[in-house]
Structures are given as structure tokens and as C-alpha cells.
Amino acid sequence: MLPDRRGYFKAFGGKFVPETLISALEELESEYKKAKKDKNFIRQLNYYLKEYAGRPTPLYFAKNLSKHLGYKVYLKREDLLHTGAHKINNTLGQILLAIRMKKERIIAETGAGQHGVATATVAAMFGLKCDIYMGKEDIERQRLNVFRMKLLGANVIPVSSGSQTLKDAINEAIRDWVTNVRTTHYIIGSTVGPHPYPMIVRDFQSIIGKETKIQILKNEKKLPDYLIACVGGGSNALGLFFPFFKNREVKFIGVEAAGKGLSSGKHSATLVGGKIGVLHGSKSKVLEDRFGQIKTAYSIAAGLDYPGVGPEHAYYQKIGRAKYVSVTDKEALEGFRMLALTEGIIPALEPAHAIFYLKKLKGKLKKDSVVIVCLSGRGDKDLDIVMDYGKNQGEI
């Protein structure tokens with residue numbers, strides 16, 4: 001089972017960090033391995049996932065959308081979790097690890113704000129100090145989530161360097177962690193960063209796929225034909241995909257953000273249009289220029305606005321286990337409206353990319369084909385963005 005003991009998914013992964021952080025990463029890995037075997041830890045995590053976060057989430061048969069597309073579509077409703085997205089699965093697990101390691105303070109990065117809200121939520125519940133780094137650009141376009149974090153007692157620290165988005169927020173969080181490593185635990189929000197983070201986040205998010213497998217077998221008496229999820233860093237996608245990895249008949253499709261189009265250069269489609277490089281402590285696919293400098297990523301969805309991707313996704317792509325595609329801003333907004341109009345469900349802009357891709361399969365699948373989409377978040381946070389876009393395009 002990958003990663004190997006050095007944190008590699010074959011050619012991808014690893015631990016590219018300052019020496020100051022090596023002991024903290026080793027402590028985290030050691031504590032996680034112990035926790036996985038600790039019945040009390042597992043019992044405590046399961047209690048909070050069920051009674052506090054609201055698991056299991058429904059696997060909803062989208063009857064109207066299915067009729068519209070001509071095949072069966074199910075939605076894994078992570079948007080119904082407490083805080084409105086899948087992020088709470090990981091933050092609950094990691095804060096319990098932080099408490100085991102006797103850390104006094106939590107830091108995190110956030111783009112769309114959903115990970116920030118989930119981190120602030122668990123920090124408030126367990127009484128730990130919490131500082132969250134967020135790019136100034138994302139603070140402007142995700143004002144509601146910033147307000148939620150502050151209500152929960154978190155200190156939101158604006159980042160004005162670089163593109164002022166997720167990449168730069170991670171840079172600042174890592175600098176903070178280097179300085180305060182003895183007292184502070186860094187809750188990384190996706191399957192990125194140095195080992196053991198990609199493994200830990202994947203494992204905590206795997207509850208999505210584990211539930212889905214049980215639910216679809218009950219509903220359809222067979223496994224799905226396709227699993228589809230949006231991919232930024234990649235945690236909701238791996239959470240869905242990983243428990244089905246050995247079920248080769250189940251096809252994986254990860255949907256990245258093409259932004260204003262791949263040819264425009266304003267996109268975040270790292271797997272589709274990136275190269276192998278090192279970013280934020282691991283070797284994976286990244287967006288870089290001919291000099292090896294990291295490019296500025298772009299997406300209308302702040303949670304996909306990242307110039308890298310988790311190393312396990314790069315591995316899946318290399319071995320052909322998953323197919324990765326891209327969807328533009330305009331198409332994502334079409335997916336956003338399509339789900340709202342057919343099912344009365346307003347998705348976040350991130351999974352709206354995956355919803356739109358369902359149209360690409362129209363006419364290519366049989367009527368009884370089964371497709372599951374991870375609806376990783378709800379759209380409350382994005383309504384201002386959608387309204388502004390509509391006004392600019394003369395649609396509202």
C-alpha cells in the first residue's frame with residue numbers, strides 16, 4: 001500500500017522541507033500510526049464524525065438530472081455536513097492528533113474558506129488557539145467564510161504576497177510553522193505537502209468512499225461505472241476514489257479548473273497542463289514556467305485556485321488509474337445552474353466543475369450506467385461571485 005516508508009507514490013511525494021520541520025513530521029507520522037491502532041482514538045473520531053459532523057452523508061439519486069442526461073447520477077452529499085463541505089472530516093481527525101501531541105495552537109491555510117471554517121470550528125470546540133492564513137484576493141471573494149471564521153474565534157491573517165491566493169497562504173503558514181513548531185500543529189487542508197500529510201488527509205477523507213461503496217451496493221446491487229470529483233489539491237477526490245482503487249472496473253475522473261481556458265494561461269489545470277516539480281514539500285505535477293518558477297494559478301472557484309496537486313493524483317495519472325480533464329469558469333457556472341434547476345441543490349463552484357463534466361458523458365453512456373459525483377460543498381459561499389459574474393455578462 002502506497003505511500004512507501006519515505007512517503008513516495010512511486011515517483012511522486014516525499015519530504016522536501018527545512019531541517020527544522022523534519023522532527024515535527026516524524027512526530028506526526030509516529031503519532032498517526034499509533035492512533036490508527038488505538039481503539040479509543042477511532043471510537044472518539046467516529047463519535048464526532050457521526051454526532052457532530054453529521055455522517056454518514058446521503059448518496060442521493062438525482063432523478064431529474066439523470067433523466068436530463070440519460071444515465072443514472074448519484075450525488076455523495078458532503079455539502080450536508082456541518083460547516084458545509086467535506087473539510088470537517090480531515091480537521092476532526094487532525095485536531096485529535098494535535099491534542100494527542102499536546103500542541104497548544106493550530107494554524108491552517110485556506111482558499112475558498114471551507115477548510116478555514118472547518119479548522120476554526122474544531123479549534124473552538126476543543127479550545128485551542130487558531131490562526132488561519134488566507135490570501136487577500138480570497139478574503140475579498142469569500143467574505144462570508146471570513147466572517148464565519150472570525151465568529152468562531154479564529155484570527156484570519158491576510159497574505160498580500162504573490163498572487164494573494166491559496167499558494168501564498170500555504171507559504172506563510174509553513175513559515176509560521178517553522179518558527180513555532182514545538183507548540184503548533186499545522187492542519188493542512190488537502191492531500192498536498194510533505195509526507196505524511198498526503199497520506200493522513202487521504203485516510204481521513206476516505207470515509208467518503210467507504211460510505212459510498214456500501215450505499216451504492218445497497219441501492220444498485222453493483223459498483224458504479226464512474227466516480228467523478230473536482231480536483232484542486234485533491235482531497236475530496238481521493239476520499240472518494242481511494243476505497244475503490246482495487247476495483248478496476250470503476251473508472252475515476254478528476255475534473256480540474258481550466259479557468260478562462262488552457263490557451264489563455266489563466267487556469268489551475270495542473271494535471272492536464274503541468275510538469276513535474278516540487279511545491280510545498282512534495283514532488284508532484286505543478287504549473288511552472290520555462291525557468292522552473294511556479295506560475296500564478298487561476299479559477300473562479302477559490303478552492304481550485306492552486307498551481308499544484310497531491311502526489312497521489314500524479315501517480316494515478318501516470319499509471320492510468322484515473323483520467324483528468326478540465327472545465328472552464330463558464331462551463332462550471334453552467335454546471336452550477338444545471339444542478340440548481342434540475343434538483344434544487346445549489347453546489348459550491350468547486351464541485352460545479354464536476355457537475356458540468358456530466359454533460360460530456362451525455363450520449364456516451366447506457367441508460368443503466370451509474371455515475372457518482374462527490375458534491376464536496378454547498379454554494380452559499382459563492383453566491384456573490386455568481387451574481388457578479390452574471391451582472392458582468394449581462395445575465396442578471
Side-chain angles (χ1 to χ4, degrees), residues 1-38 41 89-91 93-98 100-101 103 107-109 115 166-167 170-171 173-175 177-178 181 184-207 209 231-239 241-243 245-246 252 254 270-271 274-286 288 294 306-319 321-322 324:
M1 182 66 68
L2 294 175
D4 64 22
R5 61 184 181 80
R6 297 184 306 128
Y8 277 90
F9 301 88
K10 297 298 184 179
F12 306 101
K15 200 182 293 184
F16 297 82
V17 295
E19 189 176 347
T20 317
L21 294 179
I22 293 296
S23 61
L25 291 170
E26 289 175 346
E27 178 192 20
L28 176 60
E29 183 178 5
S30 174
E31 201 61 49
Y32 175 63
K33 286 179 177 177
K34 292 175 188 174
K36 280 202 303 183
K37 298 175 183 177
D38 185 338
F41 177 85
N89 302 322
N90 172 51
T91 58
Q94 284 206 49
I95 201 154
L96 291 175
L97 287 177
R100 284 174 68 99
M101 294 185 291
K103 301 297 182 181
I107 59 171
E109 86 297 326
H115 175 59
L166 181 58
K167 170 180 70 73
I170 294 176
N171 289 341
I174 290 173
R175 290 189 186 103
W177 196 29
V178 169
V181 69
T184 298
H185 176 61
Y186 178 14
I187 298 184
I188 290 182
S190 196
T191 49
V192 299
H195 178 70
Y197 278 106
M199 173 183 68
I200 289 174
V201 178
R202 175 201 70 191
D203 289 353
F204 285 143
Q205 291 295 359
S206 290
I207 187 68
V231 175
S235 65
N236 91 93
L238 277 178
F241 295 170
F242 183 65
F245 181 81
K246 294 181 180 178
F252 301 165
T270 307
L271 289 159
K275 302 175 183 178
I276 296 174
V278 174
L279 177 65
H280 296 139
S282 73
K283 181 182 178 184
S284 186
K285 294 288 283 290
V286 299
E288 63 181 21
I294 300 299
Y306 183 62
V309 69
E312 192 164 357
H313 281 294
Y315 168 65
Y316 282 17
Q317 184 187 49
K318 184 172 183 178
I319 65 172
R321 184 63 187 91
Y324 294 92

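Residues take their numbers from the sequence shown, with the count starting at 1.
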What residues, two or more places apart in sequence or in another chain, satisfy side chain to side chain donor-acceptor pair (under 3.5 Å) together with Y315?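 Once residues adjacent in sequence are excluded, Y315 has no partner under the side chain to side chain donor-acceptor pair (under 3.5 Å) criterion.
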For atom NZ of K15, is the number of surrounding heavy atoms from other residues, nucleotides or ligands below 6.0 Å larger than 12?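 Yes, the 6.0 Å shell around NZ holds more than 12 heavy atoms from other groups.
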Beyond-backbone contact of [X] with [Y], side-chain heavy atoms, under 4.5 angstrom:
| X | Y | value |
| --- | --- | --- |
| F41 | L96 | yes |
| E26 | E29 | no |
| H115 | T91 | yes |
| I174 | L21 | yes |

Out of curiosity, [X] [atom1] to [Y] [atom2], how far, rounded to the nearest 0.5 Å?
| X | Y | atom1 | atom2 | answer |
| --- | --- | --- | --- | --- |
| E312 | S282 | CD | OG | 11.5 Å |
| I187 | I95 | CD1 | CD1 | 5.0 Å |
| D4 | L2 | CG | CG | 7.0 Å |
| I188 | I170 | CD1 | CD1 | 7.0 Å |
| Q317 | Y324 | CD | OH | 7.0 Å |
| N90 | I200 | CG | CD1 | 9.0 Å |

Considering all heavy atoms, the nearest [X]-[Y] contact:
| X | Y | value |
| --- | --- | --- |
| G281 | V17 | CA-CG1, 4.2 Å |
| L271 | A314 | CD2-CA, 3.8 Å |
| E288 | I276 | OE2-O, 3.9 Å |
| A173 | I107 | O-CD1, 3.3 Å |
| S190 | V201 | O-CG2, 3.4 Å |

Do E27 and K103 sit within salt-bridge range, that is, some charged N less than 4.0 Å from a carboxylate O?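 Salt bridge between E27 and K103, a charged N being under 4.0 Å from a carboxylate O: yes.
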Quick check on side chain to side chain contact (heavy atoms under 4.5 Å, CB included): which of L238, T191, V309, N236 does V231 satisfy it with?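 Only one option passes, and that is V309.
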Tell me whether the rings of H313 and F241 are parallel (<30°), tilted (30 to 60°) or perpendicular (>60°).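 Because their plane-to-plane angle is over 60°, the rings of H313 and F241 count as perpendicular.
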Can you classify the ring geometry of Y186 versus W177 as parallel (below 30°), tilted (30 to 60°) or perpendicular (above 60°)? perpendicular
Centre-to-centre under 6.0 Å for F9 and Y316, is that the case here? no
Is the Y197 to H280 ring centre distance short of 6.0 Å? no
Worked check of side chain to side chain contact (heavy atoms under 4.5 Å, CB included) between H185 and L28: CA-CA 9 Å; H185 176 61; L28 176 60; 3.8 Å; yes
Are N89 and Q205 linked by a side-chain donor-acceptor pair shorter than 3.5 Å? yes
Sub-3.5 Å donor-acceptor pair from the side chain of E109 to the main-chain atoms of G189, do we have one? yes
Would you please test Y306 and L279 for side chain to side chain contact (heavy atoms under 4.5 Å, CB included) and show each step? CA-CA 11 Å; Y306 183 62; L279 177 65; 3.7 Å; yes
